[in-house]
Amino acid sequence: MKTPQTVFTLRVPTADGVFPAVYSQTGLCELSFPRRNAPRLFEPASDVPKQVQQWHSLTCQAVERLLAGLPPGRLPPLDISAGTEFQRQVWGAMRAIPFGKTLSYQEIALSIGNPKACRAVGGACGANPIPLLIPCHRVLAAHHHLGGFSGGLDWKIKLLTREGSWTPELDIFST
DNA sequence: CCACGGTGGTAGA
DNA sequence: TCTACCACCGTGG
């Protein structure tokens with residue numbers, strides 16, 4: 001039998017909406033895009049351990065900065081223990097993409113030593129539990145195609161544009 | 001632009 | 001197990 005671990009869900013308020021952030025004992029384990037039906041599953045501030053509050057403060061600053069088109073600065077610890085081995089490899093490769101740069105799904109596959117797994121890399125991107133801070137929006141299809149985005153393509157375009165690393169005319173096939 | 005075959009990983013039956 | 005998905009990619013029409 002598995003003991004359910006305690007988690008805390010806090011809001012990250014921004015000009016673009018409220019991002020729910022979920023923390024485990026070891027760090028941030030989930031960050032979601034703003035939803036239409038904002039759930040009221042947020043903890044009262046008084047119940048939140050001091051360490052989680054510190055992590056959350058880092059999360060809020062990082063998200064604010066990214067949305068403003070700035071490098072995120074210091075991040076909280078990220079708890080990716082829920083992922084499979086393959087997914088953790090892909091997420092690790094994405095974390096290594098610097099602000100303002102992009103890689104293709106294929107390049108990610110190469111960098112983890114699994115060159116034919118480009119399609120599977122797309123699957124792992126879609127399963128990324130911490131978008132923005134694990135920057136899956138910096139992964140494009142070949143030839144500067146946008147590719148997909150589980151949070152909605154609008155977000156991918158917005159984030160890449162604010163980072164200055166993509167414009168529509170870069171996509172040589174779309175016009 | 002479209003269709004298709006070749007891919008690896010994952011969830012569900 | 002087997003099967004049916006996929007945020008892919010190259011080739012060929």
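Just so you know, these numbers come straight off a predicted model, no measurement behind them. Below, chains carry the letters A, B, ... as their sequence lines are ordered, and counting in each starts from 1.
Straight-line distance from the CE atom of M94(A) to the P atom of dC8(C): 14 Å, rounded to whole Å. Nucleotide dA7(C) holds its C1' atom 13 Å from the CZ atom of F33(A), rounded to whole Å. The CG atom of L146(A) sits 12 Å away from the P atom of dC9(C) (whole-angstrom rounding). Between the CZ atom of F149(A) and the C1' atom of dC6(C) there is a distance of 16 Å, given to the nearest Å.
With sequence neighbours excluded, the residues satisfying side-chain contact (heavy atoms from CB on, under 4.5 Å) with P34(A) are F19(A), W155(A). Qualifying side-chain contact (heavy atoms from CB on, under 4.5 Å) partners for E30(A), counting only residues two or more places apart in sequence or in other chains: V22(A), S32(A). For the side-chain contact (heavy atoms from CB on, under 4.5 Å) test, residues two or more places apart in sequence or in another chain that qualify with S104(A) are Q106(A), E107(A).
Between F8(A) and W55(A), the closest side-chain pair of non-hydrogen atoms is not below 4.5 Å. L58(A) has its side chain out of reach of L75(A): every pair of non-hydrogen atoms, C-beta onward, lies at least 4.5 Å apart. Using a 4.5 Å cut-off on side-chain heavy atoms (C-beta onward), L140(A) and L103(A) make no contact.
For residues 87-103 of chain A, the pairs satisfying side-chain hydrogen bond (donor to acceptor under 3.5 Å, both in side chains) are T84(A)-Q87(A), E85(A)-R88(A), with sequence neighbours left out. For residues 130-141 of chain A, the set of pairs meeting the side-chain hydrogen bond (donor to acceptor under 3.5 Å, both in side chains) definition, not counting sequence neighbours, comprises H137(A)-E163(A), R138(A)-E163(A). Contacts classified as salt bridge (charged side-chain N to carboxylate O under 4.0 Å, His left out) and involving residues 147-157 of chain A (residues at least two apart or in different chains) are not found. Within the structure, side-chain hydrogen bond (donor to acceptor under 3.5 Å, both in side chains) pairs that include any residue of residues 18-28 of chain A comprise Y23(A)-H56(A), Y23(A)-T59(A), S24(A)-T26(A), S24(A)-D79(A), T26(A)-D79(A) (at least two apart or interchain).
Listed in residue order, the members of residues 99-111 of chain A having a heavy atom less than 4.0 Å from DNA chain C are Y105(A), Q106(A).
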Pairing string, 5' to 3', for DNA chain B - Watson-Crick or wobble contacts under 3.5 Å, brackets [ ] where pairs cross, | to another strand: ||||||.||||||
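Between the side chain of R11(A) and the backbone N or O of V18(A), no donor-acceptor pair lies under 3.5 Å. A donor-acceptor distance shorter than 3.5 angstrom exists from the side chain of T161(A) to the backbone of I157(A), with no hydrogens or angles considered.
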Output one line per pair: protein atom, nucleotide atom from nucleotides 1-3 of chain C, and distance, for all N/O pairs under 3.5 Å.
none

I'd like a table of atom pairs between the protein and nucleotides 5-9 of chain B - only N or O on both sides, under 3.5 Å - with the distance next to each one.
| unit_1 | atom_1 | unit_2 | atom_2 | d |
| --- | --- | --- | --- | --- |
| dG6(B) | O6 | R119(A) | NH1 | 2.7 |
| dT7(B) | N3 | R119(A) | NH1 | 3.1 |
| dG9(B) | OP1 | N114(A) | ND2 | 3.1 |

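Residue H143(A) has a polar side-chain atom (N or O) positioned under 4.0 Å from OP1 or OP2 of dG10(C).
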Validation: residues 115-133 of chain A side-chain donor-acceptor distances under 3.5 Å, sequence neighbours left out:
| unit_1 | atom_1 | unit_2 | atom_2 | d |
| --- | --- | --- | --- | --- |
| N128(A) | OD1 | I130(A) | N | 2.9 |
| N128(A) | ND2 | I134(A) | O | 2.9 |

